[in-house]
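Each chain gets a letter, A, B and so on, in the order its sequence line appears, and its residues count up from 1. Scope of the values below: all heavy atoms of this structure, side chains included, with no hydrogens, waters or symmetry mates.
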There are 2 protein chains.
Amino acid sequence: MKHKTRSSCPICFSLELFGDKWSLLILRDIILFDKKHYHEFMDSSEGISTNILADRLQKLECAGLIKKKQNEENQKKFIYAPTDEALDLLPLLIEMTLWGVKHNPEIDASQAPPEFIKKMIKDRKRFIKNIRIKFK
Amino acid sequence: MKHKTRSSCPICFSLELFGDKWSLLILRDIILFDKKHYHEFMDSSEGISTNILADRLQKLECAGLIKKKQNEENQKKFIYAPTDEALDLLPLLIEMTLWGVKHNPEIDASQAPPEFIKKMIKDRKRFIKNIRIKFK
DNA sequence: CTGTATCCTTAGGGATACTG
DNA sequence: CAGTATCCCTAAGGATACAG
């Protein structure tokens, strides 16, 4: 199942892999929020429905962005983890986060940003490195 | 016309403004490819249709990401330009470009990347600065 | 717990004709 | 040239029931 490419533009190529309504949020959950299990993605506040989640997990796996492994102890449990290609999206996720923080008028500038955002601002390289280490 | 927000996540917020099939490509055209006119967007190789383009231009304007001005000489000509908020997307566009270049298997690694990609790799800060100057 | 399988609705988008 | 206005269609997504 190859994806059709609208053009040779790298931005367009990227968008075709994770430029839909849900894929990047799942990647965010896996990479930034440490989520590993199906029910954890279901629990995200955006409220994805189960059929869509199953579909996106499969597509992301096909695209080589996530790996699915069985839990050793519990055969019924599956663990989702990011591939190296997905971890390469960290700078993109960071930029998108920073842009959102800066330009969302609903966010009260006086209120302190979440801890992980402070960390990614303070020392981005370290932030990325720590996450990479976690998934080694 | 306010946009509904699925969550308080900044990534989600960003995606709701330009996370569809076309918006970011239009922003790419305006910011990176120097396009200004309706017909130039129409000419992009992805082949957007005219009704969709009109719709996206309007939504991007509502979202405060582009400005529409009349051409002085020709009343019928309109010029589209990025706002400062849109120019703040430059790092994101760059990261997405780099990710796409790195992970698109169709791109022959032996073939040299386009000139503007070389520039954004070689000196990103300068690349961003030059574009910002252009739109001053 | 981790999904399938259905059913149904809607938004998004393509094609095309037309307009000042 | 820079769009509107329609029409139509499909893919995407929501709700829900159910299964191993």
Begin with the C-alpha distance, continue with both residues' side-chain angles, and end with the deciding distance and a verdict on ring pair (Phe, Tyr, Trp, His ring centres under 6.0 Å) for W22(A) and F41(A). CA-CA 11 Å; W22(A) 295 108; F41(A) 304 124; over 10 Å; no

How many whole angstroms separate atom CE of M42(B) from atom P of dT4(D)? 13 Å

Under a 4.0 Å heavy-atom criterion, DNA chain C is touched by chain B from dG13(C) to dT16(C)

Heavy-atom nearest pair, D34(A) first then K36(A), reads O-NZ, 3.3 Å

Assuming nearest nucleotide by heavy-atom distance, tell me which of I52(B) and Y80(A) is located more 5' along DNA chain C. Y80(A)

Could you give the CH2-to-P distance, from W22(B) to dA12(D), as a whole number of Å? 14 Å

Can you check whether K68(B) has a side-chain N or O nearer than 4.0 Å to OP1 or OP2 of dG3(D)? yes

Does a salt bridge link E61(B) with R56(B), judged by any charged N lying under 4.0 Å from a carboxylate O? no

Could you go through E115(B) and K122(B), starting from their C-alpha distance and side-chain angles, then the distance that decides it, and tell me whether this counts as salt bridge (charged side-chain N to carboxylate O under 4.0 Å, His left out)? CA-CA 11 Å; E115(B) 200 54 37; K122(B) 192 175 177 189; over 6 Å; no

Are L27(A) and I79(A) connected, step by step, through hydrophobic side chains (Ile, Leu, Val, Met, Phe, Trp, Tyr) whose heavy atoms are closer than 4.5 Å? no

Spacing of CD belonging to E46(A) relative to CD1 belonging to I11(B), to within rounding of 0.5 Å: 9.5 Å

Tell me: CG of L60(B) to C1' of dG3(D), nearest whole Å? 16 Å

Would you work out how much the helix from dC1(C)-dG20(D) to dG20(C)-dC1(D) bends between its ends, with each end axis defined by five base pairs, to 10 degrees? 50°

With N104(B) via side chain to side chain contact (heavy atoms under 4.5 Å, CB included) - residues at least two apart: F13(A), E106(B), I107(B)

Could you go through K59(B) and D55(B), starting from their C-alpha distance and side-chain angles, then the distance that decides it, and tell me whether this counts as salt bridge (charged side-chain N to carboxylate O under 4.0 Å, His left out)? CA-CA 6 Å; K59(B) 281 183 177 160; D55(B) 177 77; 3.3 Å; yes

Gap between atoms CD and P, on E16(B) and dG13(D) respectively (whole Å): 13 Å

Measure the NZ-CG distance between K67(B) and D84(B) for me, rounded to the nearest 0.5 Å. 6.0 Å

Verify the contact: side-chain N or O of K21(A) to OP1 or OP2 of dG14(D), cut-off strictly under 4.0 Å; return yes or no. yes

Within this structure, what is the CG-CG distance for the pair L65(A) and L60(A), rounded to the nearest 0.5 Å? 6.0 Å

For DNA chain D, what residues of residues 44-51 of chain A have any heavy atom nearer than 4.0 Å? S49(A), T50(A), N51(A)

Once you round it to whole Å, what is the distance between P of dT16(D) and CG of L53(A)? 18 Å

Would you find a donor on one side and an acceptor on the other, under 3.5 Å apart, between the side chain of S7(B) and the backbone of S45(A)? no

Note: contacts of residues 30-40 of chain B with DNA chain D (heavy atom, under 4.0 Å) are H37(B), Y38(B), H39(B)

cation_pi(K68(B), Y80(B)) dist<6.0 Å, angle<=45: no

Might you point out which heavy atoms bring M120(B) and I94(B) nearest each other, and give the distance in Å? SD-CG2, 3.8 Å

Using whole Å, what does the distance between atom P of nucleotide dA2(D) and atom CD of Q70(B) come to? 12 Å

Separation of atom CG in D43(B) from atom P in dG3(D), rounded to whole Å: 14 Å

Using a 3.5 Å cut-off and no angle test, enumerate the donor-acceptor pairs between side-chain atoms of residues 126-136 of chain B and protein atoms at least two apart in sequence or in another chain.
| unit_1 | atom_1 | unit_2 | atom_2 | d |
| --- | --- | --- | --- | --- |
| N130(B) | ND2 | R126(B) | O | 3.4 |
| R132(B) | NH2 | D88(B) | OD1 | 2.7 |

For F78(B) and dG3(D), give me the distance from atom CZ to atom C1', rounded to whole Å. 9 Å

